[in-house]
Amino acid sequence: MDNAQIAKALEEMAELLEFRGENPFRIRAYQNGAKAIRELGESVAAVLSDPERDLAKIPGIGKTLVEKCQTLVETGSLPQLEELRKAVPAVVIQMARIPGLGAKKAVKLREELGIESLGDLRKACQEDQVAGLKGFGKKTQSAILDGLAIAEEAASRIYWSQADGLARAISDHMQKCKAITKMEWAGSYRRGRDTVGDLDLLVVASDREAAMDHLATYPDVSQTIGRGETKISIRLDKAFQLDMRCVEEDEFGAALQYFTGSQAHNIHTRKIAKEKGLKINEYGVFKIDDDTKIAGTTEKDVYEVIGLPWIPPELREDRLEFKLAQDGKLPTLVELKDIRGDLHMHTTATDGTHTIRDMADAAIERGLSYIAITDHSKRVSMAMGLDEKRLRQQWAVIDEIRNEYQGRLTILKGIECDILEAGGMDLADDCLAEADWVLASIHYGQKQPRDQITERMIGAIENPNVTAIAHPTGRLLNRRPAYEIDMDQVMAAAKQHGKFMELNANPARLDLNDLHLAKAKALGIPIVINTDAHSIDGLDVMGYGIIQARRGGLVAKDVANTQDWPELKKLIDVQH
DNA sequence: GCCGTTTTCGGCCCGACTGTTTTCAGTCG
C-alpha cells in the first residue's frame with residue numbers, strides 16, 4: 001500500500017468514527033495522521049521496513065497509528081475499518097452529504113424512521129414524518145427536501161480556473177455596490193488549490209445590509225442558504241456555494257487570515273498565539289488575560305504579533321511553512337513574470353489548431369523569448385501523431401522560419417514522444433537525438449499495474465535523448481485519477497539521470513501536483529512549467545501552473561524555464 | 001489518538017448561523 005492509500009484508509013476511519021459519535025479529538029487525530037502520511041516525502045512502507053527509522057517520530061503519528069500503518073502495509077486492509085464500514089450504513093453517509101444534515105442527524109433519521117435510502121428519506125419528508133422528530137422541525141424537513149436535489153447533483157469541486165472565472169465576474173458585480181469599501185477573496189481559491197469547493201468573499205462595507213442585498217441580486221444566485229448580521233451564504237447555479245462575510249476595517253486582516261485558512265494552518269497559528277498568551281479569532285489578535293486587541297487591520301500584523309513573517313496563502317497548509325517562517329527561510333515564490341519560455345505546445349501538424357508561425361507570434365505577444373514545438377508522435381494516431389519522416393519535415397520548416405524570428409524568439413525543434421505500452425519510445429533514437437527538446441509522456445496503457453507503468457516511465461527517463469517527462473502522473477482533475485505509478489522510484493530515476501519533470505499548467509491537469517513539486521524541489525530535480533497549448537489561447541494557462549508551483553514552494557531557480565534558452569541549454573548539457 | 005523546557009493526564013482553535021429550543025445542539029467553515 002502506498003502513502004495515498006494509507007492516508008485514504010485513515011481518513012475513512014475518521015469519517016466513520018464521526019458517525020459513531022466518537023471523541024472529536026480522536027477523529028482529528030486520524031485526520032492529522034492521514035494528512036501527515038499523505039504529505040510525507042517518503043514511503044511509509046520504506047520507513048517501517050528500516051530498523052533505523054521510527055514512524056512514530058513523525059508529528060501526528062503515534063503508537064496506535066504506527067500499528068495501523070503496519071497492518072495496512074502488510075495486509076492491505078484494516079480490521080477496525082472493516083468493522084466500522086459494517087457498523088455505519090452507506091445510507092447514513094449519503095444522508096450526511098445533504099447540506100444541513102450531519103452525522104448525528106443522519107444517524108437519528110435512520111434509527112428513528114428506519115430510513116434505508118435517499119428515496120425513503122424523500123418519502124418520509126413528504127409524509128411529514130421528519131418534522132415530528134426531536135431536534136427536527138418543519139424547516140429542517142423542507143431543507144432536507146431541497147438538499148436532496150443538491151446532493152443528487154453531487155456539487156463537486158470545480159477547477160481553480162473555473163472558480164477564478166466566477167470570482168472575477170462576481171467581483172465586477174460587487175464593485176458596483178457603493179457601500180463596499182474593501183473586498184478580498186479568501187478560502188481555498190486564495191490559497192490556489194487545484195480545485196475549489198466554495199468561494200469565500202470578505203468585505204468591509206459602510207452598510208452591511210446593502211452589501212448583502214447587492215450580492216443577492218447577482219444574476220446566478222439560485223438560493224439564499226442563510227443570512228445573519230455579518231454573513232450571507234448563497235448558492236450559485238449548479239449548487240456551488242458562496243459565503244460573504246462583512247467585517248470592520250480594523251478586523252479585515254484578521255478576518256482575511258482566518259477565512260483564507262487552511263483549517264490546519266489556522267489551528268497551528270492559534271496554537272502559537274496561545275503559547276504566547278494571545279488569542280486569534282476573525283476579529284483580531286487579543287491578549288488572553290485582559291482581552292486587549294493588539295492586531296487585526298492587516299494580515300501582516302496578525303502574523304507579526306505572534307512572531308512570524310507574513311506567509312503567502314499558497315503555503316498555508318500546515319506543511320513546512322511554520323518552520324520556514326520561524327527560521328526566516330520563507331521562499332520568494334516564483335511568479336508569472338519570471339517565465340521566459342514555454343516548452344510544450346502543439347500545432348496543426350497534429351491536434352493543435354494553429355500553425356508554428358501563429359504560435360510563435362502569440363508567444364512573442366506574451367513576452368516569451370523561446371518556445372518548443374512539441375507535437376505528438378505517431379502512436380497517438382487519433383491526433384495524427386508524427387512519424388520520423390513528418391517530424392523531420394516539420395523541423396525543416398522550423399529551420400526556415402527561425403531566421404524570420406531571429407532576435408525576437410527562439411523556436412526549438414521538439415517532440416512529445418509517446419512511451420509505448422510495451423516500453424520504449426515511439427520514435428527512433430537517431431531521430432530523437434536531432435531534437436533540441438524531447439518530452440516523453442504516456443497516453444496509452446494508463447491502467448497498467450504499478451510495476452509495469454513505473455518500469456515504462458523509468459525506461460524513458462534512462463533514454464539519453466529524453467529531456468523531460470510531460471504530465472508525469474496523467475491525472476485529469478475530477479475525471480481520471482493518476483496512473484498507479486511509483487513516484488518515489490520515478491523521481492529517484494529522474495534525479496539520477498538528470499532529467500527534468502514537467503508541471504503541466506493545463507487547469508484540468510496541474511500535473512505534477514503541489515506535493516510532488518515539493519518533493520522534486522527537495523531532490524533538486526528541475527521543473528519546467530509548460531502550457532501544453534493546443535491553440536493560441538492555450539498559451540494563457542501558464543498562470544495556473546505558476547500558482548501550483550507556488551503551492552509546491554518553488555522559487556524561480558527551481559523552475560528551469562525561468563532561464564533564457566542559452567542558460568537552459570547549458571543546464572541540459574550539464575544534467576545529462 | 002496525540003502530545004509534553006510546567007504535565008504520562010488532561011488538554012486539544014474559534015465563532016456564526018439555524019432551528020429548535022428556553023439555554024443549546026448540530027452543522028459548517
Side-chain angles (χ1 to χ4, degrees), chain A residues 10 13-14 17-19 21-36 55-69 80 95-109 130-144 146-147 186-191 196-202 208 212 224-235 241-247 251 254-255 257-276 278-286 288 302 306 318:
Chain A
L10 296 182
M13 283 287 295
L17 287 169
E18 204 175 346
F19 285 100
E22 265 290 342
N23 175 357
F25 297 106
R26 184 168 173 232
I27 294 164
R28 191 196 289 170
Y30 273 96
Q31 288 165 343
N32 288 344
K35 179 173 186 293
L55 194 62
K57 287 266 191 314
I58 293 155
I61 311 284
K63 199 161 160 270
T64 308
L65 287 186
V66 170
E67 283 169 16
K68 301 265 192 286
C69 287
Q80 295 92 333
M95 284 196 281
R97 300 215 199 288
I98 295 169
L101 281 188
K104 300 241 165 97
K105 284 189 169 168
V107 168
K108 188 159 185 172
L109 282 168
V130 172
L133 291 179
K134 190 171 167 60
F136 292 76
K138 285 275 181 201
K139 288 204 171 176
T140 306
Q141 183 169 272
S142 75
I144 291 171
D146 291 343
S188 56
Y189 170 57
R190 182 166 182 242
R191 298 202 310 281
V196 174
D198 63 13
L199 282 170
D200 301 285
L201 182 60
L202 195 63
R208 292 179 173 186
M212 289 196 238
T224 299
I225 301 162
R227 178 168 171 165
E229 284 178 23
T230 64
K231 181 185 162 184
I232 176 169
S233 293
I234 58 162
R235 212 176 284 292
Q241 185 173 333
L242 184 154
D243 299 328
M244 185 176 82
R245 191 70 176 255
C246 302
V247 298
E251 298 163 349
Q257 195 283 328
Y258 174 75
F259 288 109
T260 298
S262 63
Q263 192 180 28
H265 177 90
N266 283 358
I267 288 173
H268 196 145
T269 309
R270 287 172 206 181
K271 202 172 151 203
I272 292 172
K274 211 167 185 178
E275 284 159 8
K276 295 178 186 292
L278 301 170
K279 183 183 80 168
I280 303 181
N281 59 28
E282 60 261 59
Y283 302 113
V285 186
F286 301 85
I288 289 173
V302 171
I306 61 167
D318 195 17

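Naming: A, B, ... by sequence-line order, numbering from 1 per chain.
For the C1' atoms, the distance linking B/dG11 with B/dT6 amounts to 13 Å, nearest Å. The C1' atoms of B/dA16 and B/dG10 are separated by 28 Å, rounded to the nearest whole Å. Nucleotides B/dT23 and B/dC28 are separated by 25 Å at their P atoms, to the nearest Å. Separating the P atom of B/dG1 from that of B/dT5 is a span of 23 Å, rounded to the nearest Å. When the C1' atom is used for both B/dT20 and B/dG26, the distance is 10 Å, rounded to whole Å. B/dC9 and B/dC14: their C1' atoms are spaced 24 Å apart (whole Å).
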* Given A/M212 and A/M244, is the side chain to side chain contact (heavy atoms under 4.5 Å, CB included) satisfied, shown in steps? -> CA-CA 8 Å; A/M212 289 196 238; A/M244 185 176 82; 3.9 Å; yes
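Residues A/Y258 and A/N266 come closest through the heavy atom pair O-ND2, 2.8 Å. Shortest non-hydrogen contact noted between A/I306 and A/L278 is CG2-CD1, 4.1 Å.
Between the OG1 atom of A/T64 and the OH atom of A/Y30 there is a distance of 6.5 Å, given to the nearest 0.5 Å.
Applying the 90° criterion around 0 to the glycosidic angle, B/dT6 comes out anti.
Distances from the side chain of A/P59 to the nucleotides B/dG1, B/dG29, B/dC3 place B/dC3 closest. Candidate nucleotides B/dC12, B/dG29, B/dC2 were compared by shortest atom distance to the side chain of A/Q241, and B/dG29 ranks first. Nearest nucleotide to the side chain of A/N23, out of B/dG1, B/dG29, B/dG15: B/dG1. Among the nucleotides B/dG15, B/dC2, B/dG29, the one closest to the side chain of A/D198 is B/dG29.
Looking at residues two or more places apart in sequence or on another chain, you find a salt bridge (Lys or Arg N to Asp or Glu O under 4.0 Å) between A/R245 and A/E282.
No engagement by A/K271 is indicated, since no non-hydrogen atom pair under 4.0 Å with the nucleic acid exists. Within 4.0 Å (heavy atoms only), A/G33 reaches no atom of the nucleic acid at all. A/L101 comes within contact range of the sugar-phosphate backbone alone, with a heavy-atom separation under 4.0 Å but no base atom that close. A/N266 comes within 4.0 angstrom of nothing in the nucleic acid, heavy atoms only. A/Y30 comes within 4.0 angstrom of the backbone, heavy atoms only, and of no base.
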Could you list all N or O pairs between the protein and nucleotides 16-24 of chain B that sit under 3.5 Å apart?
| unit_1 | atom_1 | unit_2 | atom_2 | d |
| --- | --- | --- | --- | --- |
| B/dA16 | OP1 | A/Y283 | OH | 2.6 |
| B/dA16 | O3' | A/T230 | OG1 | 3.2 |
| B/dC17 | OP1 | A/E229 | N | 3.4 |
| B/dC17 | OP1 | A/T230 | N | 3.0 |
| B/dC17 | OP1 | A/T230 | OG1 | 2.9 |
| B/dC17 | OP1 | A/K231 | N | 3.0 |
| B/dT18 | OP1 | A/R227 | N | 2.7 |
| B/dT18 | OP1 | A/R227 | O | 3.1 |
| B/dG19 | O3' | A/T140 | OG1 | 3.0 |
| B/dT20 | OP1 | A/G137 | N | 2.2 |
| B/dT20 | OP1 | A/G137 | O | 3.1 |
| B/dT20 | OP1 | A/K138 | N | 3.3 |
| B/dT20 | OP1 | A/T140 | OG1 | 3.1 |

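To the nearest angstrom, P of B/dC14 lies 14 Å from NE2 of A/H268. Between A/L242 atom CG and B/dG29 atom C1' the separation is 13 Å, expressed in whole Å. Spacing between atom CD of A/Q257 and atom P of B/dG29 amounts to 18 Å, rounded to whole angstrom units. Rounding to whole angstrom units, CG of residue A/D200 and C1' of B/dC28 are separated by 11 Å. For the pair A/F259 CZ and B/dC28 P, the interatomic distance rounds to 16 Å; values are reported in whole Å. Distance NZ (A/K57) to P (B/dC2): 14 Å, rounded to an integer number of Å. Between the CG atom of A/L202 and the P atom of B/dG29 there is a distance of 17 Å, rounded to whole Å. Atom CD of A/E275 is separated from atom C1' of B/dT7 by 14 Å (rounded to the nearest Å).
Nearest-nucleotide assignment on DNA chain B puts the 5′-proximal partner with A/K68, out of A/K68 and A/K274. Nearer the 5' end of DNA chain B, as judged by each residue's closest nucleotide, is the contact made by A/R26, out of A/R26 and A/I267.
Applying the 4.0 Å criterion to OP1 and OP2 of B/dG26, one finds that A/K108 has every side-chain N and O outside that range. Look at A/T64 and you'll find a side-chain N or O under 4.0 angstrom from OP1 or OP2 of B/dC2.
Other residues, nucleotides and ligands contribute at most 12 non-hydrogen atoms within 6.0 Å of the CD atom of A/E229.
Residue pairs meeting the salt bridge (Lys or Arg N to Asp or Glu O under 4.0 Å) criterion with at least one partner in residues 132-144 of chain A, sequence neighbours excluded, are A/D128-A/K138.
Counting heavy atoms from C-beta outward, A/K68 and A/Q80 have side chains that approach closer than 4.5 Å.
Using modelled atom types and a 3.5 Å distance limit, the side chains of A/H265 and A/D318 yield no donor-acceptor pair.
Base pairing annotation: B/dT8 forms no Watson-Crick or G-U wobble pair, as no partner gives both donor-acceptor distances under 3.5 Å.
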